[in-house]
Amino acid sequence: MKVIAVNAGSSSLKFQLLDMPKEIVLASGVIERIGLKDSIFSIKFNDDPHKEIKQIETPKDAVNLLLERLVSLGVVQDLEEIDVVGHRVVHGGEKFSDSVIIDDEVMKAIKDVSDLAPLHNPANLTGIKAFNEALPHAPGVAVFDTAFHQTMGPVEYMYSVPYEWYKKYGVRKYGFHGTSHKYVSLRAAELLGKKPEDTKVIVCHIGNGASLCAVKGGKSIDTSMGFTPLAGIAMGTRSGDIDPAIVQYIADKENKHLDEVIEELNTKSGYLGLSGLSSDSRDLWDAVARGDKKSILAVEKQAKMIADYIGAYYLALEGCDAICFTAGIGENASETRKLIVDRLGALNINLDVERNLARGTETLVSTKDSSVKVYSIPTNEEVMIARDAQRLLKK
Ligand code: AMP
């Protein structure tokens with residue numbers, strides 16, 4: 001069975017075509033800068049990268065170009081070979097605790113929660129419609145970033161605010177990166193040689209966006225992002241948790257609207273805000289090597305926030321079998337893993353300096369006598385999307 005896993009953003013479309021159940025990647029790539037004159041179409045097939053720069057006006061044009069190239073490059077002989085399209089959808093609200101085959105009702109439900117993810121859900125819907133038109137024979141499956149966290153209990157997902165905010169407007173913790181947290185926690189169980197039901201794992205997804213998840217028996221019991229992805233730990237450009245009163249205070253001082261301040265918390269904070277240099281971890285570590293004080297503060301602040309969450313989740317899980325680092329920084333930045341784990345000494349969790357040099361590989365990075373195993377595990381959201389698409393299609 002051939003599954004195309006798709007992540008449609010407002011100006012980009014990431015894709016991976018997989019042969020299932022073998023989980024072999026047949027082709028992967030991205031279309032960027034959709035709507036601009038110099039859109040970029042990149043595809044990797046047979047280890048051969050292919051890149052084109054041309055105007056791609058709409059998401060529909062992007063989908064049509066992608067499908068046309070899959071045939072002309074010989075990735076597939078005929079588009080009929082594509083059995084199902086798996087779509088990453090950011091927000092499923094409280095309605096979806098699992099992936100689902102897309103029909104009109106599901107499309108409406110995704111639209112209905114667009115208020116909660118105004119930048120993402122409409123773009124995801126546009127992608128769904130474009131594939132429905134271009135591949136009418138292939139059903140679509142929606143895989144939600146929020147679904148994995150629907151197992152949280154009310155003590156974890158409720159905020160301590162007027163209860164009507166939840167009842168009237170859905171104000172609660174939803175959590176994100178669920179597909180990644182699920183994949184990594186399942187891999188951790190395999191590496192531990194245990195069933196997911198018998199494991200307790202803390203997943204640290206640290207990329208440009210970043211969140212932690214406490215996974216007990218294969219289920220999310222708590223996560224660091226909240227009502228929106230702004231909450232939790234400091235990220236590339238997001239602040240993570242702050243005192244909410246700061247928002248009004250800065251709006252008054254700088255004569256700004258509240259939404260402008262929130263925008264700055266989303267796009268000008270985190271690594272970028274504290275360092276004043278960059279949102280990219282590699283730039284920051286270069287600056288740290290030069291002794292740049294603000295960059296040192298930025299990476300240390302994030303490490304402290306992550307270590308604090310790990311401590312909280314260690315208590316919530318009543319101990320754990322593994323702490324897993326994933327995503328761009330978690331998989332690659334040995335320096336960040338070291339900063340974090342160095343703060344966990346009170347729990348007797350220790351890093352093996354040599355093993356921790358691992359970059360982008362599945363590696364046990366803790367010492368033999370560490371009380372908890374620490375892993376670097378590259379995430380694979382596409383394979384999770386493809387697995388769900390295959391499972392639902394078989395049903
Ligand atoms: P993601 O959002 O998962 O793509 O992660 C993006 C982040 O990962 C950026 O801050 C990158 O600098 C960081 N990253 C990617 N590769 C490396 C690397 N080899 N070393 C350190 N950071 C990396």
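Just so it is clear, the structure is predicted and the values come from calculations on it, not from any experiment. Remember, it's 1-based here, ligands and their atoms both numbered in the order they're listed.
- Arg290 has no carboxylate O lying under 4.0 Å from a charged side-chain N of Asp286, or vice versa, which leaves the two without a salt bridge.
- Proximity to Gly207 (heavy-atom distance under 4.0 Å) selects the following atoms of ligand 1: 1 (P), 2 (O), 3 (O), 5 (O).
- Residue Ala333 approaches ligand 1 through these ligand atoms, each under 4.0 Å from one of its heavy atoms: 21 (C).
- Below 30°, between 30° and 60°, or above 60°: for Tyr166 and Tyr157 the angle between ring planes is between 30° and 60°, a tilted geometry.
- The distance criterion of under 3.5 Å between nitrogen or oxygen atoms is met by Asn208 with respect to ligand 1.
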I'd like to know whether Trp165 forms a side-chain contact (heavy atoms from CB on, under 4.5 Å) with Tyr159, so could you lay out the CA-CA distance, the side-chain angles of the two residues, the decisive distance to 0.1 Å, and finally the verdict. CA-CA 9 Å; Trp165 294 5; Tyr159 291 111; over 6 Å; no
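- For atom 20 (N) of ligand 1, the nearest protein heavy atom (residue, atom name, distance) is Arg359 NH1, 3.3 Å.
- Here's the thing with Gly328: one of its N/O atoms is less than 3.5 angstrom from an N/O atom of ligand 1.
- Shortest contact from atom 12 (O) of ligand 1 to any protein heavy atom: Asp280 OD1, 2.5 Å.
- Although no hydrogens or angles enter the test, the distance criterion places no donor-acceptor pair under 3.5 Å between the side chain of Thr379 and the main chain of Thr326.
- Shortest contact from atom 11 (C) of ligand 1 to any protein heavy atom: Arg282 NH2, 3.5 Å.
- The presence of a protein heavy atom under 4.0 Å from atom 14 (N) of ligand 1 is confirmed.
- Scanning the protein heavy atoms around atom 22 (N) of ligand 1, the nearest turns out to be Ser281 OG, 3.1 Å.
- Looking from atom 7 (C) of ligand 1 to the surrounding protein, the closest heavy atom is Ile329 CG1, 3.7 Å.
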### Query
Would Asp369 and Thr367 satisfy side-chain hydrogen bond (donor to acceptor under 3.5 Å, both in side chains), going step by step from the backbone distance to the final call?
CA-CA 5 Å; Asp369 62 358; Thr367 56; 2.8 Å; yes
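- Of all protein heavy atoms, the one closest to atom 18 (C) of ligand 1 is Asn332 CB, 3.2 Å.
- Taking the ring centre of Tyr174 as origin, the terminal cationic atom of Arg172 falls inside the region bounded by 6.0 Å and 45° from the ring axis.
- Aromatic ring pairs are classed by plane angle as parallel below 30°, tilted from 30° to 60° and perpendicular above 60°; the pair Phe41 and His50 is perpendicular.
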- request: Carefully, step by step, assess Glu94 and Lys167 under the rule salt bridge (charged side-chain N to carboxylate O under 4.0 Å, His left out).
  value: CA-CA 12 Å; Glu94 285 190 316; Lys167 278 296 179 213; over 6 Å; no
